[in-house]
Amino acid sequence: MKISRDTIAYLNIDKNLSSETPFKESEKIATLVDIEGNAAGFPPFTRGLHSRMYLHKTWTIRQYAGFSTAEESNDFYKKNLKGGQKGLSVAFDLPTHRGYDSDHALAKADVGKAGVAIDSVEDMKRLFKDIPLDQMSVSMTMNGAVLPIMAFYIVAAEEQGTPMKSLSGTIQNDILKEFLVRNTYIYPPEPSLQIISHIFQYTAALMPKFNSISISGYHMQEAGATTAQELAYTIANGLAYVKLGIDSGLEIDQFAPRLSFFWGIGMDPVAEIAKLRAARTIWAHKMQQWNPKNPKSLMLRAHCQTSGWSLAAQDPFNNVTRTTVEAMAAVLGGTQSLHTNSLDEAIALPTDFSARIARNTQIFLQEESGVKQIIDPLGGSLLIEKKTADLIAETEKILSDIETEGGIIDWIKEGKAKTSIEEAATLKQANIDNSSDIIVGVNAFNDEMEPPIDHLEIDNLEVLEKQKERLKQLKSQRDETEVKLALAEIKIAAKKILAIDSTGSVNSLTKIDPSENLLHLSVIAARKRATLGEISYALEQVFGRYKAKHHLFSGVYSKGIKSDKTFELAREKVQDYLRHSGRRPRIMLAKIGQDGHDRGIKIVATSLADMGFDVDLGPLFQTAENAVKQAIESDVHFLGISSLAGGHKTILQDLQQALKKANALDIKIVLGGIIPIKDIASLKKNGTKAVFGPGVPMAKTAIELLEILNSELE
C-alpha cells in the first residue's frame with residue numbers, strides 16, 4: 001500500500017531523519033490503520049486542527065491563578081508572564097462566582113480564598129494594571145456572574161485605552177456544566193441560557209477576537225466522570241449552545257469558529273490522547289448538520305488542564321511527576337493551550353515556588369522534548385487508534401440516549417447525568433480504598449519521611465475588610481441615581497426576554513433589541529460603578545436563585561469495595577454500636593459557604609450509608625446557623641463539614657458560635673477536604689473532634705468516628 005508524500009508531510013516525522021525512514025514507518029502504519037485522507041488540518045481533524053500543528057504555533061502556556069486581592073493577583077500574573085507564560089487565566093473567588101459582593105453576609109468565609117475577589121470595575125482595573133489588554137489573551141473562568149465580570153473586563157479595557165474589537169481571550173460562560181457538577185450557578189437553567197444567547201450576540205457584533213464560551217469537560221472529570229461521560233456530556237452541552245445561538249438569530253459561521261472546549265487531563269495517557277482525538281472527530285461530524293461555510297466552524301479547539309483531583313496531599317512532590325505525565329498526554333493529543341497544576345494544590349493555593357515548577361514543565365516540553373516537531377506523534381498506533389474508535393462509539397451511544405430521552409437539559413433537570421457521574425466517582429473511590437487502583441504515596445509506596453512543604457495561606461479576614469472598605473469608598477463616590485437607573489434598565493430587559501406561558505415554562509424571545517441586550521446594559525451599569533452583587537441581584541429579582549435537588553444512591557461503594565477487610569470491620573463496628581446504644585451512628589454532612597464542589601461529600605455520604613451509618617445530607621451553600629439547626633432537628637451525633645476552599649477556620653468559628661447559641665455543644669464537629677496539616681492541631685484545639693484530609697480510606701474514617709462515639713459509652 002502506497003502513501004502520498006502529502007500524508008507523510010502531515011505525519012511529519014522529524015526533519016532530521018532520512019527520507020527513507022519515514023516512508024518505511026508510514027507504510028507499516030498504513031497497512032494497519034487508514035490514515036490516508038485523515039490528515040491533520042482537514043476534517044474531521046482527528047489528527048489535529050492544523051496541518052503543521054506546533055511547527056506553525058506551539059500551544060499557549062496558561063496558568064489558572066487568582067487569590068486574595070486584585071493587587072496580589074496582579075503581581076503574581078506579572079511574575080508568571082515574565083517567566084514565560086503566554087496568556088492569563090483568571091480564577092475568581094466563590095462569592096464572585098455566586099454573584100455576591102464581598103460585604104454580603106453569605107460571603108464571609110470565602111472572600112479571596114479560592115480565587116481573586118472582584119466586586120467592581122475598580123477591582124478589575126487593579127487586576128490588569130500594567131498588563132496591556134490589547135496584547136494579552138485573557139481567559140476567565142466565570143459562569144454564574146458572567147454578565148458583571150464581562151462588563152467589568154470590557155470597561156477596564158476601555159479605560160485602559162483598549163477598544164472591544166482588540167480584546168482577545170475566552171469567557172467560560174458554560175452554565176449547563178454548573179448544573180451538572182460544579183454548582184456555581186445563580187439563576188435557573190432557562191434564564192441562564194438566555195444570558196448566554198445575549199453574550200453570543202454582543203460578542204459576535206462587537207468583539208470579533210473574543211471567544212464567547214468555553215465548553216467544559218474538566219469539571220466533569222474532576223467530579224468523577226468516566227472518559228466517555230466527559231466527552232458525551234460536554235459535547236451534548238456544546239450542541240445545546242450551538243442550537244441556542246442559531247435560535248437567537250445568529251448564523252452558524254458568526255459564532256461557531258470562536259467556540260472552544262476545556263478538557264481535564266488525568267493519569268491515563270492513552271485514554272486522554274484518544275479523548276482529544278475523538279472529541280475533534282465527533283464535533284466535526286455533529287457540526288455538519290448546520291452546513292457551515294467556514295471550515296473553522298467544524299473545529300473543536302481545546303484548552304486542557306492537568307487534573308487537580310489526581311494530586312495527592314501525601315508526599316506532594318510526587319505531584320510534579322503526575323502533572324508531567326498529564327501535560328505530555330495533552331500535548332500528544334493536540335491541545336491548543338495548557339494549564340499545568342502546581343504540586344501543592346491538594347493542600348492549598350500554589351506558592352511562587354510551585355507555580356514556577358508547573359510553568360517550567362510546559363517550557364521543558366516545548367523547548368527540550370522535541371515533541372512539537374511531530375504532528376499526531378502516536379497516530380497510527382494500534383492502541384491509540386483503537387481507543388479513539390472505541391471512545392467515539394461509546395460517546396455516540398450516550399449522545400443517542402440523551403437525544404432519545406429529551407436532550408441534555410432534561411437529563412440535567414432530572415439528575416440523570418449528575419447521578420451517573422457520582423456513581424462513577426464512588427466506584428473509583430472504592431477501587432482506591434481497596435487498592436485496586438494504586439495511588440503512589442497514598443495507598444501504596446508510602447514514605448514515612450516525606451518532606452514538609454510550605455504553602456500559601458490567605459488571611460481571609462484581612463482581604464474581607466479591605467474589600468468592604470473599597471466597596472464603601474466606591475459607593476460614596478458614585479452617582480447613586482445613575483446607578484439605580486442602570487440597574488432598573490437591567491430588570492426591565494430581563495422581564496422582556498421572558499414570556500411565562502400557562503404551563504409555567506419559560507420561552508425566549510428570539511429577536512433581541514441590541515439596546516436591551518443584558519451584556520450591553522451591564523456594561524452601562526459597570527461604567528456607572530454598579531457592583532457585581534448589585535447587577536447580579538437585579539437579575540435575581542426577575543429570574544430567582546436556583547436551588548438544586550439532591551439525588552442520593554446506595555450500594556455502589558459496597559459493590560466496588562468488595563470483600564475489603566477494613567470495610568467489613570467498619571460494618572461490624574456499626575452493628576456493635578447499634579446493639580450497645582440502641583441506635584445507629586448518625587451524621588449530617590454539610591457544605592458551608594459558597595463552595596459547590598460536592599464530589600467528596602457525596603462519596604462520604606454514600607460510603608458511610610453503605611457501612612450502616614444514618615446519613616443526612618444538607619443542601620449546598622448553607623450558613624453555619626442553618627446547618628446547626630438541621631443537625632439538631634435530625635438528632636445527629638456528628639456534623640461533618642466539607643471544605644475545599646480553605647475557609648475551614650472561619651467555618652469552625654461560626655459553627656461553634658451557632659452550637660453554643662443553640663445549647664447543642666454535644667454535637668461533634670468533624671472536618672474533611674483540603675486542610676493543611678499545620679492547621680489540624682489548632683482546629684482540634686478549637687473544638688474539631690477529627691480531621692480527614694484527602695486520601696483517607698472511607699472505612700478508616702468510619703472506624704475513627706465510631707471510636708469517638710464508643711469513648712463516650714465507656
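All values reported here derive from a predicted model rather than from experimental measurement. Both backbone and side-chain heavy atoms feed into the values below; hydrogens, waters and symmetry mates do not.
- Using a 30° and 60° split on the angle between ring planes, Phe255 and Phe200 fall in the parallel class, below 30°.
- Gln362 and Thr340 are linked by a side-chain donor-acceptor pair at a separation below 3.5 angstrom, with hydrogens and angles left out of the test.
- Checked for salt-bridge contact, Arg470 and Glu122 miss the test: no charged N lies under 4.0 Å from a carboxylate O.
- Between Phe621 and Tyr185, the two ring planes are perpendicular [angle over 60°; tilted spans 30° to 60°].
- One finds a salt bridge joining Arg478 and Glu480 here, because a Lys/Arg side-chain nitrogen approaches an Asp/Glu carboxylate oxygen to under 4.0 Å.
- Using a cut-off of 4.0 Å between Lys/Arg side-chain N and Asp/Glu carboxylate O, Arg529 and Glu159 are scored as salt-bridged.
- Salt bridge annotation for Glu158-Arg527: present, with a cationic side-chain nitrogen under 4.0 angstrom from a carboxylate oxygen.
- Neither side chain, Asp103 nor Gln467, offers a donor N or O lying under 3.5 Å from an acceptor on the other.
- Using a cut-off of 4.0 Å between Lys/Arg side-chain N and Asp/Glu carboxylate O, Lys108 and Asp654 are scored as salt-bridged.
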Derivation of the side chain to side chain contact (heavy atoms under 4.5 Å, CB included) call for Leu343 and Leu311: CA-CA 7 Å; Leu343 66 94; Leu311 303 180; over 6 Å; no

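- With Asn517 contributing its side chain and His198 its backbone, the two residues share a donor-acceptor pair below 3.5 Å.
- The aromatic rings of His50 and His56 lie tilted to each other, with the angle between the two planes from 30° to 60°.
- A salt bridge does not link Asp174 with Lys177: none of the charged nitrogens is closer than 4.0 Å to a carboxylate oxygen.
- Looking at Asp679 and Lys649, a side-chain N of the basic residue comes within less than 4.0 Å of a carboxylate O on the acidic one, giving a salt bridge.
- Using cut-offs of 30° and 60° on the angle between ring planes, the pair Tyr100 and His104 is tilted.
- A donor atom on one side chain and an acceptor atom on the other are found under 3.5 Å apart for Thr170 and Asn211.
- Between the side chains of Asp101 and Thr531, at least one donor N or O lies within less than 3.5 Å of an accepting N or O.
- Side-chain contact between Tyr218 and Ile265: absent, with no pair of heavy atoms (C-beta onward) separated by less than 4.5 Å.
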